[in-house]
Amino acid sequence: LDATASHINFGAWKYTSGLVRVSFELLQDSAFDLEKWLANLFGIRWGRGMEAALTTGTGSSQPTGLITAIAASGATAVTAIGAAESSGSGTQNGQNSIGITDMIALEHSVDPTYRKNARYMLHDKTMAEFKKVLDKFGRPLWTPSVREGDPDRINGYPFVINQSMSTIAAGNTTVAFGDMSKFLVRKVKDLSILRLTERYADFGQVAFVSFARIDSNLLDAGTHPCNVLIQHA
């Protein structure tokens with residue numbers, strides 16, 4: 001069959017760290033490199049801000065986040081049935097828990113070609129709840145790595161903790177799985193910090209600010225490289 005091609009336009013939504021004003025006295029009297037310290041803080045701020053935008057951004061005046069892009073792709077989300085099947089507890093349903101059956105169903109909702117390079121993505125609290133699930137004999141379903149240097153995995157797949165993912169609650173999208181390399185991020189140049197020496201000189205202050213321009217979207221030719229798990233409503 002002849003191949004067909006389509007395209008995705010990537011924009012460059014502009015973000016700012018916000019101004020941080022520092023007095024001359026603090027700059028002169030600090031016993032450590034204050035500018036380097038601010039650069040590290042900006043890095044943390046950018047990491048948190050970009051994580052949120054690249055996870056749940058709507059695509060309108062902001063990047064298209066991974067969860068938004070998966071939903072728009074038409075992939076059929078997996079609905080959780082919960083951990084009761086493994087634990088034997090009827091209170092652990094698809095609204096308030098995730099079981100091993102849910103993870104397996106999510107894995108096999110993704111085409112085998114994409115599973116070769118797949119990984120999980122979930123909130124740290126969701127990971128904590130999954131680790132607490134016990135089988136009917138009281139043994140944890142979660143088994144950490146026993147080899148030094150080998151990272152923990154879920155069903156043999158690596159995972160990423162993303163604090164912008166939703167935690168377990170009825171109707172929430174809690175887990176993403178698939179080939180995350182198909183989710184592309186456009187970052188225009190490296191982050192840079194501007195030192196505004198003159199703007200607040202009459203206040204005896206120097207200001208620091210940083211800007212970034214980013215956009216993102218999922219490459220999906222109809223075979224859905226990524227999918228999500230949704231808690232039962």
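When a residue number appears, it is its place in the shown sequence, counting from 1. Model, not experiment: these values are computed from the prediction.
Residue pairs meeting the salt bridge (charged side-chain N to carboxylate O under 4.0 Å, His left out) criterion with at least one member in residues 211-231: none, sequence neighbours excluded. The stretch residues 32-51 participates, sequence neighbours left out, in these salt bridge (charged side-chain N to carboxylate O under 4.0 Å, His left out) pairs: Glu35-Arg195. Applying the ring-ring contact (aromatic ring centres under 6.0 Å, His included) definition to pairs two or more places apart or across chains, none involves residues 191-216.
Applying the ring-ring contact (aromatic ring centres under 6.0 Å, His included) test to Phe177 and every residue at least two apart in sequence or in another chain returns Tyr120, Tyr157.
The hydrophobic side chain of Ile81 is isolated, with no ILVMFWY side chain under 4.5 Å apart from it. In this structure, Val188 shares a hydrophobic cluster with no other residue, the cluster being traced through Ile, Leu, Val, Met, Phe, Trp and Tyr side chains under 4.5 angstrom apart.
Ser73 and His224 get closest at one heavy-atom pair: O-CE1, 3.0 Å.
Judged purely by atom type and a 3.5 angstrom limit, Asp102 uses its side chain to pair as donor or acceptor with the backbone of Gly82. Side chain of Thr126 to backbone of Leu122: no donor-acceptor contact under 3.5 angstrom is found. No donor-acceptor pair closer than 3.5 Å links the side chain of Arg119 to the backbone N or O of Met180.
To the nearest 0.5 Å, atoms CG (Asp179) and NZ (Lys182) are separated by 5.5 Å. Note that OG1 of Thr64 is 8.5 Å distant from CD1 of Ile8, once rounded to the nearest 0.5 Å. Residue Ile230 holds its CD1 atom at 8.5 Å from OG1 of Thr174, rounded to the nearest 0.5 Å. Summarising the geometry, atom CG belonging to Asn172 is positioned 11.0 Å from atom CD belonging to Gln95; distances are rounded to the nearest 0.5 Å. Atom CD1 of Ile193 is separated from atom OG of Ser210 by 5.5 Å, given to the nearest 0.5 angstrom. To the nearest 0.5 Å, the span separating CD1 on Ile104 from OG on Ser109 amounts to 12.5 Å.
Of the options Thr167, Thr79, Ile98, a side-chain contact (heavy atoms from CB on, under 4.5 Å) to Gln231 is made by Ile98 and by none of the others.
In this model, no donor atom of one side chain and acceptor atom of the other lie less than 3.5 Å apart for Ser23 and Gln205. Using a 3.5 Å distance cut-off with no hydrogens or angles, the side chains of Glu107 and Asn155 do pair a donor with an acceptor.
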